[in-house]
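The chains referred to below are lettered A, B, ... by the order of the sequence lines, with proteins before strands, and numbering in each begins at 1.
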There are 2 protein chains.
Amino acid sequence: MKRSTRCDYSLRAVLELSFHYEKKLVRVSDLSDAQDIPLKFLEQIMLQLKKSGYVRSKKGPNGGYSLTKAPGDIFLGEIIRLVDDRLFAPVLSEPMNRLTTLDAARDNFFGVWAEVEDAMASVLDSISLADIQKRQAEVLSKKKLNMVYHI
Amino acid sequence: MKRSTRCDYSLRAVLELSFHYEKKLVRVSDLSDAQDIPLKFLEQIMLQLKKSGYVRSKKGPNGGYSLTKAPGDIFLGEIIRLVDDRLFAPVLSEPMNRLTTLDAARDNFFGVWAEVEDAMASVLDSISLADIQKRQAEVLSKKKLNMVYHI
DNA sequence: ATATAATATACTAAAATAGTATGAAATATA
DNA sequence: TATATTTCATACTATTTTAGTATATTATAT
């Protein structure tokens with residue numbers, strides 16, 4: 001059970017955008033540089049983010065992307081579901097239809113997977129981009145502290 | 001984030017073995033039939049399970065596999081970690097060495113992934129094979145009830 | 001007009017995963 | 001002791017998924 005690089009890239013791109021929230025638009029090439037993400041791959045991701053309304057865009061010179069919501073209102077779970085479809089999916093993505101519910105009896109682990117997904121959701125749906133920013137700030141201040149001790 | 005079929009197969013194989021705990025050995029071919037798992041694929045999985053001590057085996061006629069521990073003492077998380085390495089791994093599996101911890105500051109999401117893995121662990125390390133058996137029994141009894149109502 | 005930057009789509013490459021094939025080693029039983 | 005049965009070991013192939021690239025179009029600021 002691995003997360004995809006696409007998932008990592010998406011989150012990092014959106015986080016990078018959040019650093020520039022309420023400022024001017026950010027070019028894909030800048031996001032790509034800042035977060036070390038292959039440009040053309042990121043372009044595709046940005047289109048997907050736009051299609052589902054997380055970012056807006058402007059073409060041409062001084063164009064770029066920006067978030068449509070405040071960093072405090074975008075949660076990691078949303079982005080991951082957008083990009084990866086589910087937080088925790090079965091191998092061949094069975095839609096949650098009647099047939100699979102009937103088959104659930106045969107699948108002895110059916111309920112377990114749901115519990116796992118819920119557990120993941122309880123983490124990922126409670127952490128916003130703003131929270132990540134805060135955490136990052138804390139890590140950095142701790143680092144400074146360490147440096148003082150090490151002088 | 002998908003679970004692998006190998007993970008599903010492993011759990012189902014071990015569960016099937018748990019149904020025969022304290023009885024005679026079970027052949028791989030029987031496990032394969034009962035759980036509808038490709039035989040040669042399952043053989044490989046069984047070897048891995050043996051190597052790490054979850055099952056014992058006997059070759060030749062009347063040979064087969066059996067669990068080394070009681071179903072109540074084998075938890076899903078153990079099996080999954082064995083088969084998939086981690087409950088929730090990064091894309092390119094970085095070992096948890098000093099370098100990655102230093103890089104953690106750069107990776108703004110580092111802590112998040114750890115939290116997610118913990119959340120998954122709290123589910124998967126608390127459910128044993130015996131628990132799955134119990135759940136299964138409950139599902140079946142509910143089904144019977146439904147059938148009565150439907151007459 | 002021109003340069004810039006997003007949009008769209010199709011393609012290729014690489015990696016991971018799933019599954020198969022072949023044969024050797026051990027052992028029960030006749 | 002011969003035979004059938006079963007695990008053990010390893011190497012291989014095929015499939016699918018994921019990652020990444022290429023090319024060309026559309027919109028817009030200057």
Next item on the list: Give the angle between the helix axes at the two ends of the helix from C/dA1-D/dT30 to C/dA30-D/dT1, taking five base pairs at each end and rounding to 10°.
Entry: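 Taking five pairs per end, the axes differ by 10°.
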
Measure the distance from [atom1] on [X] to [atom2] on [N] and round it to the nearest whole Å.
X	N	atom1	atom2	result
A/Met1	D/dT18	CE	P	15 Å
B/Leu42	C/dG19	CG	P	11 Å
A/Arg27	C/dA6	CZ	C1'	12 Å
A/Leu49	C/dA6	CG	P	13 Å
A/Asp85	D/dT18	CG	P	10 Å
A/Phe41	C/dA14	CZ	P	15 Å
B/Arg12	C/dA18	CZ	P	12 Å
A/Leu25	C/dA5	CG	P	11 Å

Margin query: Tell me whether B/Phe75 shares a hydrophobic cluster with B/Met120, the cluster being built from Ile, Leu, Val, Met, Phe, Trp, Tyr side chains joined at under 4.5 Å.
Written below: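 In one cluster with B/Phe75: B/Met120, no.
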
Check: Is there a path of hydrophobic side-chain contacts, each under 4.5 Å between heavy atoms of I, L, V, M, F, W or Y residues, that connects A/Tyr54 with A/Leu25?
Finding: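 The answer is no; the residues belong to distinct hydrophobic clusters.
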
Margin query: Under the side chain to side chain contact (heavy atoms under 4.5 Å, CB included) test against A/Phe109, which residue among B/Ile127, B/Leu15, B/Asp8 passes?
Written below: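 Looking at B/Ile127, B/Leu15, B/Asp8, the match for A/Phe109 under the side chain to side chain contact (heavy atoms under 4.5 Å, CB included) is B/Leu15.
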
Notebook entry, point to check: Would you say A/Arg6 reaches D/dT18's phosphate, i.e. side-chain N/O to OP1/OP2 under 4.0 Å?
Noted result: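 Checking A/Arg6 against D/dT18: no side-chain N or O falls below 4.0 Å of OP1 or OP2.
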
Counting heavy atoms from C-beta on, name the nucleotide in [options] closest to the side chain of [X].
X	options	result
A/Thr5	D/dA19, C/dA16, C/dA18	D/dA19
A/Tyr65	D/dT7, C/dT7, D/dG20	C/dT7
A/Val28	C/dA6, C/dT17, D/dT17	C/dA6
B/Leu47	C/dT7, D/dC8, C/dA5	D/dC8
A/Gln44	C/dT9, D/dA11, D/dA19	C/dT9

Notebook entry, point to check: Which pairs pass salt bridge (charged side-chain N to carboxylate O under 4.0 Å, His left out) with one or both residues in residues 14-24 of chain A, sequence neighbours excluded?
Noted result: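 Listed once each, the pairs would be none.
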
Notebook entry, point to check: Under a 4.0 Å N-O cut-off, is there an ion pair linking B/Asp84 with B/Arg6?
Noted result: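 Looking at B/Asp84 and B/Arg6, the cut-off is not met.
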
Margin query: I need a per-nucleotide contact map over nucleotides 23-30 of chain D, read 5' to 3'. Cutoff is protein heavy atoms under 4.0 Å; write B for the base, S for backbone only, - otherwise.
Written below: B--BBBBS

Checklist line | For A/Ser18 against A/Pro71, the heavy-atom pair lying closest together | finding: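 Heavy atoms of A/Ser18 and A/Pro71 come nearest at CB-CG, 3.8 Å.
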
Checklist line | Over all atoms of both residues, closest heavy-atom pair of A/Ala119 and B/Val123 | finding: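 Looking at all heavy atoms of both residues, the shortest contact is CB-CG2, 3.8 Å.
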
How would you list, by chain and number, every residue that makes a salt bridge (charged side-chain N to carboxylate O under 4.0 Å, His left out) with [X], sequence neighbours excluded?
X	value
B/Lys134	B/Asp131
A/Asp125	A/Arg81
A/Lys40	A/Glu43

Note to self: Reading DNA chain C from 5' onward, which residue's closest nucleotide shows up sooner: B/Cys7 or A/Ser29?
What the structure shows: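 Closer to the 5' end of DNA chain C: A/Ser29.
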
